[in-house]
Protein chains: 2
Amino acid sequence: MESRCENCIIRQFNSLRAMSKEELKKVSDSKTTKTIKKGEPIFEEGDKLNGVYCVRNGISKLSKLSANGKDQIVKLASKGEVLGQRSVISQESTNLSAIAVDDMEVCFIPKESITNTLQKNPNFTLEVLRHMAHDLKEADDVIVNISQKTVKQRMAEAFLYLKNNFGEDADGFLALTLSREDISNVVGTATESAIRIISEFKKKGLIHTSGKKIGIKDERKLLEMVEGF
Amino acid sequence: MESRCENCIIRQFNSLRAMSKEELKKVSDSKTTKTIKKGEPIFEEGDKLNGVYCVRNGISKLSKLSANGKDQIVKLASKGEVLGQRSVISQESTNLSAIAVDDMEVCFIPKESITNTLQKNPNFTLEVLRHMAHDLKEADDVIVNISQKTVKQRMAEAFLYLKNNFGEDADGFLALTLSREDISNVVGTATESAIRIISEFKKKGLIHTSGKKIGIKDERKLLEMVEGF
DNA sequence: TTAAAAATATGATATTTATCAGTAAATTGT
DNA sequence: ACAATTTACTGATAAATATCATATTTTTAA
């Protein structure tokens with residue numbers, strides 16, 4: 001396992017690539033690696049973060065608890081994503097919890113390495129800014145989707161999203177297996193509703209399942225459903 | 001009307017304040033002022049923007065059209081906000097339309113002034129980044145709200161939001177008067193549903209109305225409703 | 001391995017919200 | 001000032017979704 005940031009391939013996927021050699025060395029010297037087991041939190045809503053977390057392996061769900069006790073999953077983060085950046089930048093406590101969906105490996109980078117670089121290296125700052133601009137655009141899209149599409153459409157969309165972002169395994173199932181509850185929290189619906197729609201999609205031949213694993217069978221029809229046909 | 005950016009008070013509210021004197025002078029020399037009438041667009045979804053728009057006066061709604069022809073309003077921007085920043089930063093066409101809710105006055109700033117400064121002045125970039133981090137946090141909150149709260153709760157929240165952000169007039173009505181349709185587009189519901197809930201709130205003594213103007217009568221109860229009591 | 005716990009599944013029903021149809025009121029342009 | 005148009009409103013109904021109850025399957029842990 002590579003332990004020097006300078007050589008870490010993950011870096012290619014995130015803003016750290018805009019750091020200079022020396023900056024990267026500092027990060028590397030100050031970082032620590034952590035293992036997080038499935039279901040455990042990396043950090044929780046309201047925490048004050050002392051740094052950011054760079055995902056090396058596994059998937060994390062970023063979610064927020066609502067008054068009625070249900071989680072809303074705002075984003076699923078995988079290899080190369082940096083968690084907690086926003087809180088560190090705005091110097092506020094996080095508004096989201098990050099919980100491992102898989103067993104995970106993450107690097108913790110103390111905030112000083114980040115904030116120092118933000119103040120000195122415009123390239124890095126710009127790179128982070130571009131990432132954040134992208135995230136904001138995605139968030140806007142989610143807002144429009146949730147408020148304008150039916151639960152059925154959002155379910156179809158979620159399956160396509162999971163396929164496009166996390167791929168399929170050898171047997172044609174979605175590589176990222178989420179519990180029915182997590183699926184419902186991504187889509188923003190009741191767990192029973194999500195389960196019901198999974199059954200319906202199965203009957204219609206749009207997907208197939210095996211235990212909690214789900215595979216996409218008719219991508220075209222799912223896409224049509226998302227578009228509203 | 002002040003026409004030099006260096007002296008423009010609006011600047012105090014946005015990231016332009018992190019610019020140096022020379023940078024600001026360039027902006028000032030290249031900017032143009034535009035008047036936009038109520039209902040007219042500043043830019044529309046899909047446009048490629050050649051710059052950003054700094055709001056001097058009036059309110060703009062940032063919205064996105066869905067497949068079924070209904071708009072979702074993602075944000076209401078007022079004095080001091082800079083529109084189109086995200087698109088300019090990520091060099092993509094906009095995903096949102098900006099339409100004047102009021103008569104407006106905006107300054108158009110060509111993107112070169114912005115992108116040059118972004119590359120050279122880390123303070124400015126950091127300032128923009130902080131703003132964007134804030135916007136992203138707000139967007140996450142909107143996502144959770146929409147998916148976890150009822151239409152009634154979101155309506156209550158919308159009224160409180162309008163009061164807190166745009167204030168009240170001398171007669172105790174919300175200073176920003178939106179059409180019922182715009183309200184429904186902020187909340188993400190059918191216009192009829194929004195109207196129905198307005199009637200209900202009126203009966204319950206939570207708000208009062210006069211024509212399309214709405215005033216808050218019982219803030220405490222509205223707050224309780226948002227929290228789910 | 002087996003009992004207990006958790007997750008998945010399905011039916012019945014209630015609630016929320018949207019849609020359609022039509023009327024009343026307000027705004028606009030002449 | 002007035003007809004035309006848009007916006008606001010209300011009722012009836014349909015559709016979508018949540019909730020509650022309960023059964024079944026899967027996973028977990030002793």
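Distance CD1 (Ile214(B)) to C1' (dA8(D)): 11 Å, rounded to an integer number of Å. The nearest whole Å value for the distance from the CD1 atom in Ile195(B) to the P atom in dT6(D) is 16 Å. Note: CD (Gln153(A)) to P (dA16(D)) measures 10 Å, nearest angstrom. The interatomic distance linking Lys152(A) (NZ) with dA15(D) (P) rounds to 12 Å, in whole Å. Between the P atom of dA8(D) and the NZ atom of Lys213(B) lies a distance of 14 Å, rounded to the nearest Å. Rounded to a whole Å, the CG atom of Asp182(A) is 16 Å from the P atom of dA6(C). In this structure, Ile198(B) places its CD1 atom 15 Å from P of dT17(C), rounding to the nearest Å. Rounded to whole angstrom, the span from the CD atom of Gln148(A) across to the C1' atom of dA16(D) amounts to 15 Å.
Between Phe108(A) and Tyr53(A), the angle of the ring planes lies from 30° to 60°, which puts this pair in the tilted group. Aromatic ring pairs are classed by plane angle as parallel below 30°, tilted from 30° to 60° and perpendicular above 60°; the pair Phe159(B) and Phe201(B) is perpendicular.
No side-chain donor-acceptor contact under 3.5 Å links Ser97(A) and Lys64(A).
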Where does DNA chain D pair, written as one dot-bracket string 5' to 3', with Watson-Crick or G-U pairs under 3.5 Å, ( ) inside the strand, [ ] for crossing pairs and | for another strand? ||||||||||||||||||||||||||||||
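With sequence neighbours left out, Thr35(B) forms a side chain to side chain contact (heavy atoms under 4.5 Å, CB included) with no residue at all.
Looking at heavy-atom distances under 4.0 Å, Ser199(B) makes contact with sugar-phosphate atoms alone, never a base.
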Protein proximity profile, nucleotides 18-30 of chain C - base contact B, sugar-phosphate-only contact S, no contact -, cut-off 4.0 Å on heavy atoms: BBB----------
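Listed for the Asp71(B) side chain is no donor-acceptor partner under 3.5 Å among the backbone atoms of Ile73(B). At least one donor-acceptor pair under 3.5 Å links the side chain of Thr94(A) to the backbone N or O of Leu96(A). Side chain of Thr189(A) to main chain of Ser193(A): no donor-acceptor pair is present (N/O by atom type, distance under 3.5 Å, no hydrogens or angles). Using modelled atom types, no side-chain atom of Arg180(B) and backbone atom of Ala194(B) make a donor-acceptor pair closer than 3.5 Å.
Contact detail for Phe13(A) and Gly80(A): the closest heavy-atom pair is CB-CA, 3.9 Å.
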